[in-house]
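Have a look at the structure below, then the notes.
Count residues from 1 along the sequence.
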Amino acid sequence: MMIMRAAPHTKDDTCPACVVAGGFIFLAHHSGGHEKADAVFQARASLKALSRTLQSVDASLNDMVQLTLYLKHRQDFPAVRDVFREFFTDGHYPARMTVFTDFISENCLCMMDGTAVVASSPDAQ
């Protein structure tokens with residue numbers, strides 16, 4: 001099995017943006033928009049970052065099968081959940097787990113990671 005590791009998307013050289021292996025794309029943590037203390041703004045930035053990484057390996061958000069949403073504040077969940085409607089084709093959402101946690105960066109309110117199916121895989125739909 002061939003394994004491909006994308007370049008890191010952060011200053012941490014031990015964390016590739018994604019690893020492609022066995023017909024799947026395993027996405028590392030993605031976040032963004034930390035200049036604004038707004039979880040919805042950061043969720044959009046995180047999904048845009050995920051999308052850029054997926055595009056770099058010829059895939060898209062619609063190829064995602066699983067996504068973990070990390071939030072700092074529980075009260076942000078309903079508004080952040082609604083952001084998914086802007087980025088995924090209606091009814092084609094990945095399986096999602098939501099976790100409430102602290103982050104290394106004090107400015108971070110939202111982060112995401114997940115798994116996608118390689119678009120060229122015969123089973124990808």
- Worked verdict on Leu71 versus Leu109 for side chain to side chain contact (heavy atoms under 4.5 Å, CB included): CA-CA 6 Å; Leu71 292 172; Leu109 302 175; over 6 Å; no
- Message: Enumerate the side chain to side chain donor-acceptor pair (under 3.5 Å) contacts for residues 72-82, please, sequence neighbours excluded, ordered by first and then second residue.
- Response: Asp82-Arg85
- Any side-chain donor paired with an acceptor under 3.5 Å for Thr53 and His30? yes
- Query: If you round to the nearest 0.5 Å, how far is SG of Cys15 from CZ of Arg5?
  - Reply: 11.5 Å
- Item | For the student: nearest non-hydrogen atoms of Ala49 and Ser31, plus distance | CB-O, 4.1 Å
- Main-chain N/O of Met111 paired to Gln42 side chain as donor or acceptor, under 3.5 Å: no
- Do the non-hydrogen side-chain atoms of Gln66 and Thr68 ever get within less than 4.5 Å of each other? yes
- Check: Leu50 and Leu61 side chains under 4.5 Å, non-hydrogen atoms: yes
- Does some side-chain heavy atom of Thr10 sit less than 4.5 Å from a side-chain heavy atom of His29? yes
- When rounded to the nearest 0.5 angstrom, what is the spacing between NZ in Lys48 and CD in Glu86? 9.0 Å
- Item | Validation row: Cys18, Leu27 side chains within 4.5 angstrom (heavy atoms) | yes
- Following the transitive rule for hydrophobic clusters with a side-chain heavy-atom cut-off under 4.5 Å over Ile, Leu, Val, Met, Phe, Trp and Tyr, establish whether Val80 and Phe100 coincide in one cluster. yes
- Item | Six-ring centre of Phe87, Arg44 cation under 6.0 angstrom, axis tolerance 45° | no
- Item | Results of side-chain hydrogen bond (donor to acceptor under 3.5 Å, both in side chains) for Thr101 - residues two or more places apart only | none
- Task: Could you name each residue pair satisfying salt bridge (Lys or Arg N to Asp or Glu O under 4.0 Å) that touches residues 8-21, not counting sequence neighbours?
- Result: none
- Find out whether Tyr70 and Asp113 are in side-chain contact, i.e. whether some heavy atom of one side chain is under 4.5 Å from a heavy atom of the other. yes
- Could you go through the side chain to side chain contact (heavy atoms under 4.5 Å, CB included) check for Thr98 and Arg96 one step at a time? CA-CA 7 Å; Thr98 302; Arg96 184 184 66 231; 3.6 Å; yes
- Is Met112 reachable from Tyr93 through a run of I, L, V, M, F, W or Y residues, each pair having side-chain heavy atoms under 4.5 Å apart? yes
- Query: Shortest non-hydrogen contact from Ala45 to Gly32?
  - Reply: CB-C, 3.4 Å
- Would you give the length of the straight line joining atom CZ of Phe41 to atom SG of Cys110, rounded to the nearest 0.5 angstrom? 12.0 Å
- Query: Just wondering, do Ile25 and Asp63 contact through their side chains at under 4.5 Å, heavy atoms?
  - Reply: no
- Query: Is the CD1 atom of Ile3 crowded by more than 12 outside heavy atoms at less than 6.0 Å?
  - Reply: yes
- Closest approach of Val40 to Ala79 (non-hydrogen atoms, all atoms of both residues): CG2-CB, 3.6 Å
- Would you say the side chain of Leu69 lies within less than 4.5 Å of the side chain of Phe77, judging by non-hydrogen atoms? yes
- Task: Search all heavy atoms of Cys108 against all heavy atoms of Phe103 and return the closest pair with its distance.
- Result: O-CD1, 3.2 Å
- Item | Note, Phe84 side chain near Leu47 side chain (heavy atom, < 4.5 Å) | yes
